[in-house]
Q: 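Below is one structure. I have some questions about it.
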Amino acid sequence: MAQAELAVKTLDEQEMLRLFHEMVLVRRLEEEAARLYQQGKIGGFLHLYIGQEAVSAGVLSVRLPKDRVLTAYRDHGVAIGCGIEAKVVMAELLGKATGAAKGKGGSMHLADIRKNFWGGYAIVGGHLPLAVGMALADQYRGDDAVTICLFGDGATNIGYFHESMNLSMVWKLPLLWICENNKYGMGTSVERSSAVMEMKQKAEGYAMPNSSVNGMDVLAVRAAAQDALGTVRESGTPYFLEIVTYRYRGHSMGDPERYRDSEEIERWRKDDPITVYRSQLIADGHFNAAALAEQEARVEQDIQEAIEFAESSPDPAPSDLYSDIYTES
Amino acid sequence: MTQLTIREAISQALWEEMERDQRVIILGEEVGLWGGTYAVTRGFYDHFGPERVRDTPIAEGVIVGAANGAAMAGLRPVAELMTINFAFLAMDQIVNGAAKIHYMFGGQFKVPVVIRAVGGGGRQLGATHSQTPDAVFAHFPGLKVVAPGTPHDAKGLLKAAIRTDDPVLFIEHATLYQTKGEVPEGDFVEPIGVSKVQRQGSDVTIITYSKMLQLSLQAAEQLALEGVQAEIIDLRSLRPLDMGPALASVKRTNRAVVVEEGWRSFGVGAEVVSRLHEEAFDYLDAPVKRVAQDEVPLPYNRELEQLALPQIDDILAAVREVL
Ligand SMILES: Cc1ncc(C[n+]2csc(CCOP(=O)(O)OP(=O)(O)O)c2C)c(N)n1
Ligand SMILES: [Mg+2]
């Protein structure tokens, strides 16, 4: 195994800058996606991650390539964090043959087996049992990979969640459960849908070690995820990490947002993960504003290339309608 | 050839596949220490150990979901659902998971899972434990649905189900486990998605599968005494559905009856009759008859239950009507 596979990158300035770049990339990609959606170039559901970028960037900066990753339909940040190129994400949003799922999955179903990204899943909670099975396969073969499964606060109320928490502990599986608590499942707040306000409390019922972290602080997320992953790798048993975050945009495009007021969004924007991190990098003397602006300019270029690539890519052929229903006919 | 019961045939198939391929594991409720609710996996736990024969909590969603995930990650899991009635609790993993994952992600992932489920009525288990909802599952592209009616096919098809890279729902009939039949010695595979002529005849075609195959074979014996030779086509797989032998047969006999244990409306018979109309309409000398379950939740009372389930007499009556 290559050395790079064995160790997590140290948090040097290069890595700090990469985290900044990645968060800006995810945000800009999504802002452009929203624009393309409005133009009718993207169809279906589009769930934006804007506000939550520190979660995917922080968590995935400490996973090893051998660690599997699964998430829900709000998957653009995780896809980028797993190493899917922005242009391949964008191509999928536009339904193109060059997209991450050859145009058959759309925004909610990005995946790349080569990056060990096992997909975004659109049935709330439906991928948690899959994660159990993947971790079981690794345990069975004696591989020391960890399966990292991300899901929302809303998903903790569904049966799958509880079945999966329980079985992962019964079978002592190498699983890192990550709950992105962005305070809402569609328009229903945690207060209105959950018996407990902290999602990590639900891990207690299964005697699963747990903690929570501020999801607006990418370095805090990174550190917490690194600890949690280390715990799973060492013990071979599950860990529950709650990451408290917030989405600024609607649940998906076209959400009238009657369930919250703009003051609430403004309060969270003060903690914006990118703004906070930018100030922090400058205040700590790692980079000056110009260096960060240069990164942002690079992102703009990446995004423009991604859009051009996606727009100029071919649609899937009509014959692809019938491909990949079965592996064999 | 040896004589085996369907239970023995299924058990042998599992055993041999586990011996052959380390990736095959079994998971489900009571599959291990108990030895399987229907004793199919008796002795497996002691022989293969708890890592490969995994007792689960009563949690169908995660049983099938974990089987799907393990399959995606390279194992060949065989998940056992104690009865097919409980598959409804795992419906999402079967329908939105197993049947979709290969296609939806552009062919990147494979889900070589087998879900064994025991179905069928006739044991006075009441409405929730007696269903034959095979057609429900056959509705979904991406899933393969297999339902054998003989020990030979049970063994060969289960081996094929374990070896294919596609997800398979393998439906066993609760009242067929004791049914005996000839099974070849050693390793063999029956192809999924291929119907089979189980009895030759020239007067009428009976298209059926699973338990109703056995009833149809008995009906055919009676018909033979009356000088009527029924040809019996065993679908064996509901998806992919192979209509070839049925169409060829109907083109010769010009008369057909479809026999299924499930409810009539939107059932297997409905599909088969449509296909016959689409592809063999000109050959039909009589409207195709369907024999199916009365459209009621199955009652507990023995007489009432039997009244609702298709009987040999119902098959005979249907055949006489089309002759
Ligand atoms: C089983 C199921 N029920 C309902 C939905 C519709 N739905 C999609 S997302 C969502 C909210 C989920 O909230 P959460 O888990 O907190 O994730 P978030 O959207 O906040 O990222 C709902 C109800 C669904 N996709 N699946
Ligand atoms: Mg949420």
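Side chains are part of it too, since the values below use all heavy atoms of this structure and drop only hydrogens, waters and symmetry mates. Here is how names work: the chains are called A, B, and so on, in the same order as the sequence lines, proteins then strands, and each is numbered from 1.
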Q: Nearest 0.5 Å, please: how far is CD in A:Glu328 from CD1 in B:Ile192?
A: 8.0 Å
Q: Heavy-atom distances under 4.5 Å only: say whether A:Leu321 touches chain B with side chain, backbone, both or neither.
A: both
Q: Which one, B:Pro141, B:Gly65, B:Gly74, leads in non-hydrogen pairs under 4.5 Å with chain A?
A: B:Gly65
Q: Side-chain donor-acceptor contacts of residues 78-93 of chain A below 3.5 Å, not counting sequence neighbours, with atom names and distances?
A:
unit_1	atom_1	unit_2	atom_2	d
A:Glu92	OE1	A:Ala100	N	3.2
A:Glu92	OE1	A:Ala101	N	2.6
A:Glu92	OE1	A:Lys102	N	3.2
A:Glu92	OE1	A:Gly103	N	2.8
A:Glu92	OE2	A:Gly103	N	3.4
A:Glu92	OE2	A:Lys104	N	3.4
A:Glu92	OE2	A:Gly105	N	2.9
A:Glu92	OE2	A:Gly106	N	2.7

Q: Counting heavy-atom pairs under 4.5 Å with chain B, which one of A:Val132, A:Ile123, A:Asp320, A:Asn166 comes out on top?
A: A:Ile123
Q: Using heavy-atom distances under 4.5 Å, tell me whether A:Ser323 contacts chain B through its side chain, its backbone, both, or neither.
A: backbone
Q: Taking everything shown except A:Phe45 itself, do over 12 heavy atoms lie less than 6.0 Å from its CZ?
A: no
Q: Check whether B:Tyr103 reaches the backbone of A:Tyr322 with its side chain - one donor and one acceptor, N or O, closer than 3.5 Å.
A: no
Q: Just wondering, do A:Asp324 and B:Phe105 contact through their side chains at under 4.5 Å, heavy atoms?
A: no
Q: Compare every heavy atom of A:Pro129 with every heavy atom of B:Gly61, then report the nearest pair and how far apart it is.
A: O-CB, 4.0 Å
Q: Does the side chain to side chain contact (heavy atoms under 4.5 Å, CB included) test come out yes or no for B:Ile25 and A:Leu136, once each step is laid out?
A: CA-CA 11 Å; B:Ile25 62 164; A:Leu136 172 65; 4.0 Å; yes
Q: Does CZ in B:Phe266 sit with more than 12 non-hydrogen atoms of other residues, nucleotides or ligands closer than 6.0 Å?
A: no
Q: Quick one: pull up CD1 in A:Ile325 and CE in B:Met104 and give me the separation to the nearest 0.5 Å.
A: 14.0 Å
Q: Surrounding CZ of B:Arg20 (heavy atoms of other residues, nucleotides or ligands, distance under 6.0 Å), is the total greater than 12?
A: yes
Q: Rounded to the nearest 0.5 Å, what separation is found between the CG atom of A:Leu167 and the CG atom of B:Leu27?
A: 8.5 Å
Q: Given A:Tyr140 and B:Arg52, is the side chain to side chain contact (heavy atoms under 4.5 Å, CB included) satisfied, shown in steps?
A: CA-CA 9 Å; A:Tyr140 180 78; B:Arg52 298 190 69 193; 3.1 Å; yes
Q: Verify the neighbour count for atom NE2 of B:His139: are there more than 12 heavy atoms of other residues, nucleotides or ligands below 6.0 Å?
A: no
Q: Would you say B:Asn68's side chain and A:Leu130's backbone share a donor-acceptor pair under 3.5 angstrom?
A: no
Q: Hey, which of B:Arg54, B:Lys100, B:Gln22, B:Glu60 has the most heavy atom pairs under 4.5 Å with chain A?
A: B:Arg54
Q: Can you say whether A:Asp112 sits under 4.5 Å from chain B via the side chain, the backbone, both, or neither, judging by heavy atoms?
A: both
Q: Above 12 or not: heavy atoms from other molecules or residues under 6.0 Å from CD of B:Glu278?
A: yes
Q: Atom NE2 of A:His127 and atom CG of B:Asn96: how far apart are they, to the nearest 0.5 Å?
A: 14.0 Å
Q: Check A:Arg141 against B:Leu75 and note the closest heavy-atom contact, atom names and distance.
A: NH1-CD2, 4.0 Å
Q: Where does B:Ile101 contact chain A at under 4.5 Å (heavy atoms): side chain, backbone, both or neither?
A: side chain
Q: Can you tell me how far CG of A:Leu70 sits from CE of B:Met72, rounded to the nearest 0.5 angstrom?
A: 7.0 Å
Q: Anything under 30° is parallel, anything over 60° is perpendicular, the rest tilted; go ahead and classify B:Phe109 against A:Trp118.
A: parallel
Q: A:Tyr326 pairs by side-chain contact (heavy atoms from CB on, under 4.5 Å) with which of B:His102, B:Lys110, B:Arg239?
A: B:Arg239
